[in-house]
Amino acid sequence: TATEGAEFVFDQFEKDVIRVINNYDVLALTRAWNIIKGDKIVFPKKNGSVTAYIVGEGAEITESEMVTGNITIDIYKVATLTELTNELLDDAMTIPELYSLLVEDVAEQVAALREDLVLGGTGSSQPRGITATSGINSISLAATKKVSDVTDANLVDVITKAAKKFKRGNPVWIMSQYTYGKLMALKTTDGYPLYPELRNFSSPSLMGRRVIISDSSKIVQDLATDIALAVSIIFGDMQYFYSVNRKGTT
């Protein structure tokens, strides 16, 4: 019952769950905005800018004005439901041990779902992810090509054709272990690794930018999902992705 389980639901539980969630690099790099209550939030955005002119002394300046609009963000509840049997509670496991297991399990499942949504959420009855957002530049290989066909020229296209504003801060590469392995195996004509910096396993990088490994199902994860036109690599500054958290993990 709720009263018997109350010892598991308190402020520390929320803090511990969020701490584990923030260990997920993709989520940690996005910009979060916390609100206290409500199921949506509206904030302004710029749709058009003022115009700058060169004018002579005393000359009339043409008037211009900034056009504004707004963005509405809906809040969706993410939930997990589990049960604790009498047998489990009667085991030798202590309450702190059980608490730690619950925190890790709940946080990992919620974080994995949220990471999927950040990368590929459809925006229909769920958050809108990067790959479903208009205005994001997309580089495609030929219709028959897969991750194993990626070349240096393709990666140069990705990094140079990304909108400049998404490279002003701290852009990163996001890919799976599978894609990471394919790039790490690329060799020069004389047999040396094409990207030796990828072999620094503690902090891999590519073309001077950090590489983040993700287990998200929204990007190619293995041979079975390595199909033509599937998303395999994402590049950009994750600070341009906003998520809104409603305060209160219960």
*Polar side-chain atom of Tyr240 near backbone of Lys165 as donor-acceptor pair, under 3.5 Å*: yes
Point to revise | Residues Arg210, Asp25: salt bridge by 4.0 Å N-O rule | key: yes
Note: Gln126 and Leu117 closest approach over all heavy atoms is OE1-CD2, 3.4 Å
Same apolar cluster (I L V M F W Y, side chains within < 4.5 Å links), Val110/Val118
yes
message = When you compare the side chain of Gln177 with that of Asp222, does any pair of heavy atoms fall below 4.5 Å?
response = no
Minimal heavy-atom distance between Asp16 and Tyr99, with the atoms involved, is OD2-OH, 2.6 Å
Is the closest side-chain heavy-atom distance between Arg31 and Tyr242 below 4.5 Å? yes
Check your understanding: Within the side chain of Thr133, is there an N or O that forms a donor-acceptor pair under 3.5 Å with the backbone of Gly129?
Key -> yes
- [ ] Using a 4.5 Å cut-off on heavy atoms from C-beta on, say whether the side chain of Arg114 contacts that of Tyr24.
- [x] no
Quiz item: Out of curiosity, does Val220 fall in the hydrophobic cluster containing Ile136 (side-chain heavy atoms, cut-off under 4.5 Å, transitive links)?
Solution: no
Checklist entry - With hydrophobic residues grouped by side-chain heavy-atom distances under 4.5 Å, do Met175 and Val150 end up in a single group? => result yes
Taking only Lys NZ, Arg NE, NH1 and NH2, and the carboxylate oxygens of Asp or Glu, determine whether Asp74 and Lys40 approach each other closer than 4.0 Å. yes
Pair Ser214, Glu115: side-chain N/O donor-acceptor within cut-off below 3.5 Å: yes
Heavy atoms of Gln221 and Asp215 approach each other most closely as NE2-C, 3.1 Å
Tell me whether Asn137 contacts the main-chain N or O of Lys161 through its side chain, where contact means a donor paired with an acceptor under 3.5 Å. yes
### Query
Are Leu223 and Ile227 connected in the hydrophobic side-chain network, where two residues link if heavy atoms are under 4.5 Å apart?
no
Checklist entry - Parallel, tilted or perpendicular: which describes the rings of Trp173 and Phe235, with under 30° parallel and over 60° perpendicular? => result tilted
Steps toward side-chain contact (heavy atoms from CB on, under 4.5 Å) verdict (Leu119, Thr131): CA-CA 6 Å; Leu119 298 182; Thr131 56; 5.7 Å; no
Mark yes or no for whether Asp226, through its side chain, and Val147, through its backbone, hold a donor-acceptor pair below 3.5 Å.
yes
Polar side-chain atom of Asn200 near backbone of Glu197 as donor-acceptor pair, under 3.5 Å: no
